[in-house]
Amino acid sequence: MKKKLITLTMAIALTASLVACSDSSAETTADTSENTNASEATQTLVMATNAEFPPYEYHDGEDDQIVGIDAEIAAAIAEKIGCTLEIEDIAFDSVIPEVTSGKADIGMAGMTVTEERKQSVNFSDSYATAVQVVIVPEDSDIASIDDLSGKIIGVQSGTTGDLYATDDYGDENVERYNKGMEAVQALSQGKVDAVIIDNEPAKVFVEETEGLKILDSAYAEEQYAIAIAIDNTELLDKVNAALAELKADGTIDSIVSKYITVE
Ligand code: ARG
């Protein structure tokens, strides 16, 4: 009997890996032998994110739910691959470690594909493009990226904005914040001279804050993609297949247009 139970548990674990979601239910379903399908229904796709990044992921509404473009695309992917989405809100710096350690299945956080990150995770096909922009006070003497040298630049820690600022203007000129909005608040309080951040959150933050503007000159285009553990190629394939379908049937476009109005 004991042996049978072990075999059953293994069978369920195997099913779990076949559908490529986290198997959070093998333990509890092992003894309800008539119900092997239940494990499939309750499999979760754990998404690590940093929900301080509107319109991609942020807290909203009475129940403070995590909403946004990434949250909705992830839910659509989860549905396609037969999993329930579970979102984990952590520091941006921790998103990739959460994926490499296997605690999360995917990292989705308006995350830019970079060569350095590709050393530790695989990226799905891209689902969005972005650029890093510069936010300054309306009356700033900074008119373009070229005027930034020697200025104090606020960034969200560990982001590509942080990387660019550190590489181009030196560590001593960079102030790092846990949230992009905190960097923007520091800017409006005169604690930093400029903020480098992705264009879409920049628009939201500038909208919400008096007296700031976005410079016309911006950094090169970046691609957003979903981070997945390097050894989990099965999930990578499923996510890419789901993304392709969601692009083809217009789901991605309709999610994006719910959150971003093209001017
Ligand atoms: N695109 C930038 C990067 O990958 C910023 C992403 C920040 N995302 C977030 N959810 N806070 O570094």
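Counting convention: from 1, in listed order, for ligands and their atoms alike. Residue numbers count from 1 along this sequence.
The local environment of NZ in K213 is crowded, with over 12 non-hydrogen atoms from other residues, nucleotides or ligands closer than 6.0 Å.
For L235 against L45, the heavy-atom pair with the smallest separation is CD1-CD1, 4.1 Å. Nearest approach of L243 to I252, heavy atoms of both residues: CD2-CD1, 3.8 Å.
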N/O contact list for ligand 1, threshold under 3.5 Å:
{"residue": "ligand 1", "atom": "1 (N)", "partner": "G110", "partner atom": "O", "Å": "2.8"}
{"residue": "ligand 1", "atom": "1 (N)", "partner": "T112", "partner atom": "OG1", "Å": "2.8"}
{"residue": "ligand 1", "atom": "1 (N)", "partner": "D198", "partner atom": "OD2", "Å": "2.6"}
{"residue": "ligand 1", "atom": "4 (O)", "partner": "T112", "partner atom": "N", "Å": "2.8"}
{"residue": "ligand 1", "atom": "4 (O)", "partner": "T112", "partner atom": "OG1", "Å": "3.3"}
{"residue": "ligand 1", "atom": "4 (O)", "partner": "R117", "partner atom": "NH1", "Å": "2.8"}
{"residue": "ligand 1", "atom": "8 (N)", "partner": "A109", "partner atom": "O", "Å": "2.7"}
{"residue": "ligand 1", "atom": "10 (N)", "partner": "N50", "partner atom": "O", "Å": "2.9"}
{"residue": "ligand 1", "atom": "10 (N)", "partner": "E57", "partner atom": "OE2", "Å": "3.0"}
{"residue": "ligand 1", "atom": "10 (N)", "partner": "A109", "partner atom": "O", "Å": "3.2"}
{"residue": "ligand 1", "atom": "11 (N)", "partner": "N50", "partner atom": "OD1", "Å": "2.8"}
{"residue": "ligand 1", "atom": "11 (N)", "partner": "Q156", "partner atom": "OE1", "Å": "3.0"}
{"residue": "ligand 1", "atom": "12 (O)", "partner": "R117", "partner atom": "NH1", "Å": "3.4"}
{"residue": "ligand 1", "atom": "12 (O)", "partner": "R117", "partner atom": "NH2", "Å": "2.8"}
{"residue": "ligand 1", "atom": "12 (O)", "partner": "T160", "partner atom": "N", "Å": "2.7"}

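With E222 as reference, T112 is the one residue of T112, N199, T114, T129 to meet the side chain to side chain donor-acceptor pair (under 3.5 Å) rule.
Classified by interplanar angle (parallel below 30°, tilted 30° to 60°, perpendicular above 60°), the ring pair Y224/F53 is tilted.
Salt bridge status for R176 with D93: absent, with no side-chain N to carboxylate O gap under 4.0 Å.
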